[in-house]
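Beneath this line is the structure, given in structure tokens, with notes to follow.
Everything numeric here is computed off the predicted structure, so don't read it as measured data.
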Amino acid sequence: QVQLVESGGGLVQAGGSLRLSCAASGRIFSSVAMGWFRQAPGKEREFVATINFSGRITYAADSVKGRFTVTRDNAKNTVSLQMNALKPEDTAVYYCAGRRTGTTAQERWDYAYWGQGTQVTVSS
């Protein structure tokens, strides 16, 4: 079992940066892949980025590629999402998610564990 708690959300102006963190409990953290998703009002939850168990393999959605970077620290049981050059369309609740396996995935139904979410608001 993995419990996830996100932090770092907030209000930022367009062009600014935020860093989201996700603290995970459980001894299996270092063996599972992690992901970030987001959900804007009235929209489906969408994939943002994923990272494999070791941190060596990452993928990001086309909409954030080159602006967002996902990393992990297995010694500290944390995964982070560095968000740069933020746009108003990045406004959403951001969720940290964990898989039961070590390989990356981009579909929300591939993830078994979810955090409560953290709000990110980008003003124009």
Side-chain angles (χ1 to χ4, degrees):
Q1 187 76 7
V2 177
Q3 293 181 323
L4 306 171
V5 178
E6 303 96 334
S7 61
L11 174 64
V12 63
Q13 288 188 332
S17 298
L18 278 176
R19 185 177 181 86
L20 304 184
S21 293
C22 175
S25 65
R27 290 180 291 178
I28 67 170
F29 176 79
S30 61
S31 64
V32 300
M34 300 295 294
W36 287 95
F37 289 77
R38 67 186 181 186
Q39 188 167 16
K43 294 189 176 182
E44 295 283 321
R45 190 171 298 188
E46 65 174 5
F47 166 75
V48 175
T50 181
I51 186 166
N52 79 329
F53 74 100
S54 69
R56 294 177 181 174
I57 299 174
T58 64
Y59 294 102
D62 287 344
S63 58
V64 305
K65 201 168 292 182
R67 300 188 298 123
F68 291 11
T69 303
V70 57
T71 56
R72 67 189 297 160
D73 185 336
N74 285 342
K76 296 181 178 179
N77 273 23
T78 58
V79 60
S80 299
L81 184 69
Q82 177 66 42
M83 305 186 295
N84 299 327
L86 283 160
K87 305 175 181 179
E89 51 263 44
D90 294 319
T91 295
V93 177
Y94 283 70
Y95 296 90
C96 173
R99 300 200 69 202
R100 289 197 176 99
T101 68
T103 55
T104 59
Q106 299 184 24
E107 302 293 344
R108 60 184 185 269
W109 48 80
D110 287 324
Y111 289 79
Y113 311 108
W114 291 88
Q116 82 288 352
T118 186
Q119 177 71 46
V120 171
T121 303
V122 184
S123 63
S124 57

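- Partners of Ser7 under the side-chain contact (heavy atoms from CB on, under 4.5 Å) rule, at least two apart in sequence or in another chain, are Ser21.
- For Gln82, the side-chain hydrogen bond (donor to acceptor under 3.5 Å, both in side chains) criterion is met by Arg19, Asn84, not counting sequence neighbours.
- The minimum heavy-atom distance between Gly9 and Val120, with the atom names listed, is CA-CG2, 4.2 Å.
- Closest of all the heavy-atom pairs between Cys96 and Met34 is SG-CE, 3.6 Å.
- Across all non-hydrogen atoms, the minimal contact from Gln119 to Ala92 is NE2-O, 3.5 Å.
- Although no hydrogens or angles enter the test, the distance criterion places a donor-acceptor pair under 3.5 Å between the side chain of Asn77 and the main chain of Gly26.
- Judged by distance alone, with hydrogens and angles left aside, the side-chain atoms of Glu6 form a donor-acceptor pair with the main-chain N or O of Gln116 at under 3.5 Å.
- The nearest pair of heavy atoms linking Leu20 to Thr118 is CD2-CG2, 4.0 Å.
- Checked against side-chain contact (heavy atoms from CB on, under 4.5 Å), Ser30 has the following partners two or more places apart in sequence or in another chain: Asn74.
- When the side-chain hydrogen bond (donor to acceptor under 3.5 Å, both in side chains) test is applied to Glu89, no partner is found at least two apart in sequence or on another chain.
- Screening residues 33-63 for ring-ring contact (aromatic ring centres under 6.0 Å, His included) gives Phe37-Phe47, Phe37-Tyr111, Phe37-Trp114 as the qualifying pairs, with residues at least two apart or on separate chains.
- Within the structure, no pair that satisfies the salt bridge (charged side-chain N to carboxylate O under 4.0 Å, His left out) test touches residues 22-35, not counting sequence neighbours.
- A search for side-chain contact (heavy atoms from CB on, under 4.5 Å) contacts involving Ile28 returns Val2, Ser31, Val32, Tyr113, not counting sequence neighbours.
- The side-chain heavy atoms of Lys87 and Val122, taken from C-beta on, include no pair separated by under 4.5 Å.
- Within a 6.0 Å sphere centred on CD of Gln3, other residues, nucleotides and ligands contribute 12 heavy atoms or fewer.
- Residues Pro88 and Ser124 approach most closely at CG-CB, 3.8 Å, considering heavy atoms.
- Qualifying side-chain hydrogen bond (donor to acceptor under 3.5 Å, both in side chains) partners for Glu44, counting only residues two or more places apart in sequence or in other chains: Arg108.
- Annotation: side-chain hydrogen bond (donor to acceptor under 3.5 Å, both in side chains) contacts of Asn52 (sequence neighbours excluded): Ser54.
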(Q) side-chain contact (heavy atoms from CB on, under 4.5 Å), that's the test. Do Val70 and Thr50 meet it? Break it down for me. (A) CA-CA 7 Å; Val70 57; Thr50 181; over 6 Å; no
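- For Asp90, the salt bridge (charged side-chain N to carboxylate O under 4.0 Å, His left out) partners at least two apart in sequence or on another chain are Arg38, Arg67.
- With hydrophobic clusters built from ILVMFWY side chains whose heavy atoms lie under 4.5 angstrom apart, Val12 shares a cluster with Met83.
- Legend: ring-ring contact (aromatic ring centres under 6.0 Å, His included) pairs involving residues 73-110, not counting sequence neighbours: none detected.
- With Asp73 contributing its side chain and Thr78 its backbone, the two residues share no donor-acceptor pair below 3.5 Å.
- Between the side chain of Thr58 and the backbone N or O of Ile51, no donor-acceptor pair lies under 3.5 Å.
- Residue Gly98 comes nearest to Leu4 through the heavy atom pair N-CD1, 3.7 Å, listed as atom of the first residue, atom of the second, then distance.
- Shown here are the side-chain contact (heavy atoms from CB on, under 4.5 Å) partners of Lys65, two or more places apart in sequence or in another chain: Asp62.
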